[in-house]
Every structure is written in structure tokens, then in C-alpha cells.
Amino acid sequence: MWPKRTSLTQTQTLTLLLVMTSALAARLAITEPGTAWYGPLLTIVAYAVCAVVLAVLDRRGGWFTRSSSGAARLTWAGIVAGLLLLGAPFAESVSRILSTTHFRPLEQVTIVSLTNFAFFAVAVVRVRRSSAAAAGVSFVLLLAALMLGGHSAIFPLSAAYGGLCVAWLATRHWRGVTTATRNGGAARYPLAPVLGLMLLLAGVTAASTRLAQGMPEIWGEWMPSSGGSRWLNPDALLGVGDGDWVVSGPNAKSTGSIDSDYFLESDLPTLYDVMMETYGEPRLPKDVLRAIFVEQEQMLSRQGHKAPDMGTAGREFSLYRKERTQRQAAAEAADALLYVEGRVPLHLAMTVYERFDGVAWQEPRERNDICRLEAHEPDVSWLWLPRRENEEIFGGTRRHQLRFGRFTSDRLPLPNHMQRFRFGRKDSDNVKRWALDILTWAHDGILRARQCLPSGTYVEVSSHAVDQAVLLRSSHLVGEGVAGDPCLSLPDHLRRSTEALAARFADHPRGWEQVEAVLNHLRTHYAHDRDATIPPTCTDPIHHFLHHAQGGPSYQFATAATLALRSLGYPTRVVSGFYVDPADYVARAGNTPIRADDAHFWIEVRTARGAWITFDPTPGYPTEWYEPTWMQRVQRVAASLGQLLAANPVVSVIGLVLSIGLWWRRLWLRERLLTLWCLWWPMMSPHRRLADTLRLLDLRSGLYGTERPPAKTPLAWYGGVDHPACRAFVWCLYAALYGGGRGGVAVELSEVERACRAAVKATGRERLRELGCGS
Amino acid sequence: MNVNRQMGSDVASTPSAPGDGPLFARVAALRGRLNDALQGKERVVEHVLTGLLARGHILLEDLPGLGKTTLARALADAIGGRFARLQCTPDLLPNDITGFNVFNQKLREFEFMPGPVFTDVLLADEINRATPRAQSALLEAMAERQVTVDNERYALSPEFFVIATQNPIEHHGTYPLPEAQLDRFALKLSIGYPAPDDELRILASAVERADEGGPEVQTDPVFEHGDLRQLQGRVARLPVAAALQRYLVELAGVTRAEAQLPHGLSPRAVLIWQRLAQARAFLAERSFVTPDDIQVVAVPLISVHVASGQATVDDLAGHVLAQVPVPTDFARRAAR
């Protein structure tokens, strides 16, 4: 019976639990404070699934552990070394998928490698002492987790680990005892003492949890390089990588040792770097600064590979082109207006336009309202904007960091649906007060400073991202126009040409899909041409764009889209600002520079609750919709399932009770079904019939008495049943199984039928109850 | 519990080859004779018969006076062959076992005087009292059924069968059998004390026989000439399912991987195991081998091949058997 063969042994299960507990603790210890807890958990569960699959494969096929030759040992050593060395990058990529934490330091890589090894050792339990090795490594992992400190779940996990250790040792010991005693199979596992010991251990651990809160500090004293993590101990310092935190953190007086060798060589920002004036600049790697000696001939030959100069006569061009190097990109980036870190593409709005007279757009009058911003505990460095009410279309928040370069406008280019922001990493009350002094609202969602922000100013913005899927579903949120709304005004002489465009989409149902259909038409039928201009003789630029040029710069697209949407009744406005193009991303600096030619025009459509949704009609300029993580997708499916169940409470409750009951009595149910199958299903080969009947007998013996161990022969087990039918059945089974060879025993179907039926009827609860007690 | 015989008696339609009837009758008679000689020890007798039909030599290890020699003598008498007895002592020489060349003054040439191994049943009594040198003289005889004396090869009887006895409790002046010697044996059995009822019956029958004034035991042979050879050939041809052969190989693999054992089963031992299982099936008058046949000979086989001298050999054999599931899957059998 293969389910029996392939499931894990008791020791293996316990070892797996041990390793899972300690690996989870270690994983939690090395994650960043505040990271979602389910990331590490899912990683560990994925590991465990892999280990179980590996174990099942190993038990079925014995791929790894059946041979003991020298070559096999060498392969073993290779596998283990590979797990320890190469496992870490794999695990890191897994954890990057699951959570956004990045980690590299040596102790974390070591922990990941040890985790890999431990799970592998659990899987290949046939190898001698592999489970002991797994348990030992798990202990090391737990110690590491406790030393690195941090997460509050580590202490309950270590308590659970202690309990599991007791069970593990008891099981190992018990297995030895069973092997050594003559009738070990009949004796019982000492469940009560083991449970009692585990409870005692859990109690002691729980009682000392208060003491244990201070344990990272104690261990930190033992380990000179470790100060614990700041999550539990706010004053802990690691020495390296503390710069940002020390400057921006609430406790500015804390200091750390900064004159170690590691500090001088590390690429990570340190306290020392904070005092450098280049702090926060894109870091140039050291090898770029080194002079490169190039022979003159090579330099000459490279000069021929420039792009052709079109301005001179006698032109020539080479098929070689030099790639745009990172250095060139960095040099080009050096004079950028703005540097954006975070997810791109992104639209940074600076100005809105509402009124249009057929030729020119007009910005509405500035409001110059004072910003009403609030700071909330615990992190008072953030300034929160007043909350808005249309949160159902928001999928989640995104965070961007803007660093100002040669930016000379007084408007702040900020993403739409801003939630909160702060100035600088080194935020303090002074900066905040200064910010409140100089900031006013220019328009709805557009901030204006009383003076230009100095170069190097650092703004961190958190904003809501609109979930496109939710938006397309919620057509009731489309804004309605009111009379005199400037966002619906349309010059009369333009009405005809734009209504002709809008008439194409009149049969679409009113809603965001109709908006998207209009924009898609523009994106697919018109070409973007940055440098196109309207000829001076043309009197109607929109008509020229729509019917003659069939393309143009982004403001033409924005204008046409706005007019078409206004004629369909959507309150729309044109927005100008910067488009952050993913193609400009500079990998070494980790940011995207914005230059003057990134200026761009797009549109915004108002919802019923007054929020403005960004749309971009220009082809090649995607909008920054929210991308749900797969965790959120799973949650959405679960939520819709929950809604379905909540809609039919009676059916749900009945189904739940029924499924719990069936799960509770699943063996019984399986036995009943198999009995019906064996007694009443007519057409079967003798082999099938015999195999099913044996499975039924095994199931029943497990249900009523003791299940036949796989190493016991059917005769030794069912020969003891006090009924001749059983023995006749075993005889038929044996004849079919082992007598089928050369000169074999022919088994008649009718005989098999008779024997199987008789055996099924003869092995009732009473007859099977005593089975297995004596052997 | 002798499951095979129970099963054989239960199932009326036991299939067997057509010409096997008289053979079965003779085996039954032999069994009866041995049970008469050694009362109340059906299990041991069954193992001895298994060893005989499988052409596997038997090592009897037990205290003095439990009937080792009686059993061996009764077997030799019943199968009607030549019987020789070798009382092993420390001064026994190899030539005392194999035979030696003597110079015949009359014929002016060397003449071979065959030793006690030129027989059908050889009882090597107290074999661990012989020196290793003398013990190894038996090696070739047991494994290849031939002896070599002065570069001259002499074939032994094809039915040549050794029952050796040894005493486990005395250590003075004994030489434990080397692994090479042990591997030539098929089974190691111990007879053990009889049950009180059987002992009473032994006492009563001794008085009865003394009254009758007859011989102590019957000595007329049960087998005719060539019967044993025919039986052994029949057993060797008994089919074994491929799944069971794989089962045997897996069991051997477990003994090789087992940490408690110094070494695992040799391929020769696996071969002997299969032959023993065949003999067991034949004794149960069955025409194919079942896993029960394999399991029932596991203890005496493992005790001589891998666990010699270990006290917990029963547990060890049970442990080895518990590691490998019995092949009861049709699909699995068909797939491979």
C-alpha cells in the first residue's frame, strides 16, 4: 500500500517540526523589523513542502540513499556543499518574492544555508544520523535566533521548540527500546508523561518570558559585534549601517563605534558618511575613479565609432556604436532637475488647466490655502494630509523619495493621491515648522512652496495607488457634472468635431470603461510626435490634430481626450508635470533622474467623491496603476469566497458541519465506500478484486483493531481471524500474487469473487478486534 | 506457529505437480521419524527438513544432552545414506577429515584413504573444539562438495549434508567458527529444553522400549536410493515470484545498511535464503513461494550469517523484517 510506504515516519515528522520551528525563529530574527510576519512563515512552509516531497521521492525510489559506493558518497558531499553554498541565493530570491526585504550579511546567509541543510537532512532520513544532524542544526539555528533577538514570536517559538525536543528525544529513545524488547509492538507509547513534561517545560518558559525579554541584551554583551536589533531594544547599535537611523531616529544622542576596519571598507552608509558633504549622492564605485591606461592606437580606433555628424559634407558612418555606458548615464543624470527613487512609471503633477478657449488652456486661480497637515504617533516626522473618503478604489500605498537637483520652480512635483510626506531623512521639528510655513495649496492636490526648494532637499512621499480592476468595476463612482462646472465647459465652435469623436463611444455604458475606450482609441489611432507643431495657417488645432496630422505631442492628446470626455459628460482637466520614465532608471545610483524634456501633459477625471484619477492618453506612457501582490490576490479570492458563504449562511453552516463530520469519520466513510465497492461492483479483474479486498481488510483492521504493519504478511495477520473464509481469501491472494509465474496457478474469477465476498462478510468488528494484540 | 503447514492443511485444493504425491508421502514419513526421535520439537524438525531439502548445512548450537546427536543420527538413518561422525578435538588434523595418501608397500604406489567427509550425512560434533586449521578443511567440502588432497580432487556425494553441533557455554579450548566457515552454513538452530509434557512422554517411551527389548530407535531407511536427490532437484526448480526475489534483495540491503551489524548478508546467503524458502514451500506441499516462507526461516538464517553470537538475534531478525514491506501490490509487481 503505497500511502503507508511514502508517508513520513514519526521521527521524521518530529524532526521536520523541530527544524521548521527553529528555522522560522531564525528567519524572523533576521527579517527587518516591521516586515509582514507571513513572509518568513510562507518561506518555511515552502521549504517543508519541498522536504516532504523529497522524502516521499526518496522513500519510493531510493534515489539518493540506496547505494553506498564511493561515487555515491562523493555525490553526497557535492549535494551538501551545494546546499550550503548555492542555497543562499535561491532562498534569498524566494524571500524576495514573498516579502520585499533584502538581506545579504554573512550571518544571514549562514542561517539560510543551515536552514537548507537542515531541511535536506530531514528529507533523507535513510542516511545514518541524518535526523540527528537535522536536530543539531536546528538547535544552532534556534541559538542564532535568540542571539540575534528581535521578533516577539521568537520566545513562544523557542518554548514550542523545547516541547518538540522532549517529544523528539522520547520518540528516538522509544524506537530504540522497541527494537530491543521482544514484544515491543504490543507496548504503548508513554504519551501521558511526555505530554506532562512538555506542559511543564512550556509553563516554565512562559513564566520566564518576562525575564527573557532582556535576553538579547545579555547575549549582546557576550557577543561584541552584536547589539541586538532596534526593534526590541531602541538603543541598540550595530556600528555599521546605523547612519540613517542615528540621524533620523528619535534618539539623536546615541552613538556607536565607528572606527573599525569594516566600517572603513563597507559600502553601507555610516555615521562617518553622514558628516561627508556627499552623503546621499549617487555613490561612485571605487573602480570608476581609478585611471585607466589605454593605448593610443586603441583610442584612435575608438574615435571612428562615433555617431555620424550630419552637419558636415563627406559624411560617413560606422556600423559600430558604443553603448551608452553607465558612466555616461551618470554624467547625464548629474544635471537632472529631480531624482526619483521608487516604483516607476510615475506622473508628477505640477499644474492643472481647466478652461479652454479653443486655442489656449488656462490655469485656474491659485487657492493659496494654508496646508492643514497633521502628525501622528508614533513616527511624528511624517506629515499627514486630510483623509479622503473614496478609499475603495485605492489598492494600496506606494512610497517614493524625491531629491531635488537643479529644480527652480516653486511648485512641488508630487504624485497623485498623496497620503503623507516628510522632508529629509533628518527630520526634526524645525524642518517641519519650516515646511508648514512655506507650503500652501496651489490647487487641489498640488503643493506650492513660498520659495524654491534648495538643491538637495529630500522629500519622501507616500501616496495611494488606484487599483485599475476595482476602478473599472465601480462605475457608480464616475463624477457627475453640475451646471457651470469649468471642468465640463466646452467651447461651442469645438463641439462639432469633438462630438463626432465622442459619438463613436456613445453606445458604451457610462463608466470608466467608456473613458478607457476613448483613451484607447486615441492611443491606437494616433501617433506620438514630440516635435510636431501646428502650421500657422491652421485655425482649429484640434481639428488639425484629429483629422489631418493624426498625431502630435502629448498636449494635443491631452486636449483631444479632455474635450471628448467633457462632451460625454465626464468632468476632466488637463495636468502638466513630469513623467518619470522607467527607461531612464540608473541602476548604480538606484534612482531615476528627471530632466527638462521629461515634461509631459496628461488628463485627470473626477470621481463622484471629488478625487482626480490620472489617465494618460498618449501612447507609450503607461499609467501607474496599483499592482496587487500575489498575497493580496489570494486574499481577494478568499474574501469573495467568504462573501459567497456569508450570503448563504444556512448552507454554509450545514456544509461546514457535514464536512467536519465526514473528516472526523473519514476512515469509517472510506471503509463503507470500499465495502460497497467490493461487494457490489460487478466488473473487475481478479487482481483488482483481490487488491481492493486486501485494502479493505487493512482498513478495517486499522479501524477496529490494529492495522497490519506493511512488513507483516497477510497470512500472518489475517490467518489469526477465526473464520475459514479469511484463509481462503489469503490463499487466493497468494496464488494470484506469487503463483502467477511459470507453471503458475490459474485463479478463477468466480473463485476469487466467492473468496473475496466471504472474506468481506467474515471480517466484522468483533472478529478483528483482537487482531494484532498478540503479535 | 507453523503457518505453512496450517495453511496447507486448510486449503483442500492445494495445487502441486502431478508426480509429487509419492515424494510428499516420503517427506511426511521422514518428518514422522524425526518427530519420534526428537519429541515435541516440530519446529526444529521442520527447519532441519528445510535445510536438508535446500541442500543447506545446519549448525546446531545448544547445551549438551538436548538431542543434537540423536536428531542427526535419526536423520542419517532415515534418509538411508552413509553416515559418518566426526568428533572434533583440538588435535584433529585436516587430513583426518578429508583423507590422506598412504604408500602401499605391496603395490609400490600411493593409495588414497578417504576420510569421514566421503559420506552422505556428516555429523561434526562439537565443531568449535577443532582448530581453525581443521575447521577450514571442511570449507571446500561444504561449499563445493569436493576435497583436494595432494593436488588430487575427489568429488563427494551429491547429497553431502553436514550437521554440526557446538556448545555455546564452554570457552576453554574452543575456537569460534570463522566468518567464512559460518557463511557455508544455511541455518543455525537451537533445540532448547522440552516442554514438561514432552519430557514425560520421553521418559515413558524409554521405559516402554526397554520393556520391548527392541532397538532404541527405528533404523530402516525411509528414502530409497535417489529420492533425496530427486527431492532436492524438485525444490530447486520451484518457481519464485519476481516480487519476492526483490523482497529478498531488499531484506539483504537492510542487513547491509544496519548499523548494529558488522556486515550484511552475502549474495551466497541470499541464494541460500531463496532455496530455504523454496524448500519451505515444498514442505507445505505448495507449488509457489510466499513471503511467509521467507519470513519463517529468517531467524535461523540471520543468526548464522550476520548475527553469530548476538543474544538478541530474534529481535534483530524481526527488526530487519519490519524494515521492508511485504510486496502485496499487483500494480507494483506489474510495473517493474
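Not measured: the values here are computed from a predicted model. Chain A is the first sequence line, chain B the second, and so forth, proteins listed ahead of strands; every chain is numbered from 1.
- The contact between B:Leu321 and chain A is made entirely by backbone atoms, counting heavy-atom distances below 4.5 Å.
- Surrounding CZ of B:Arg229 are at most 12 heavy atoms belonging to other residues, nucleotides or ligands under 6.0 Å away.
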Stepwise side chain to side chain contact (heavy atoms under 4.5 Å, CB included) test for A:Lys712 and B:Val326
CA-CA 6 Å; A:Lys712 288 276 183 191; B:Val326 174; 5.8 Å; no

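- B:Val240 is not listed as a side-chain neighbour of A:Tyr738, based on a closest heavy-atom distance of 4.5 Å or more.
- Screening A:Leu715, A:Leu737, A:Thr713 for a side chain to side chain contact (heavy atoms under 4.5 Å, CB included) with B:Pro291, the sole residue that qualifies is A:Thr713.
- Contact record, A:Ala711 with B:Tyr247: O-OH, 4.4 Å, taken as the closest heavy-atom pair.
- Rounded to the nearest 0.5 Å, atoms CZ (A:Arg708) and OG1 (B:Thr328) are 5.0 Å apart.
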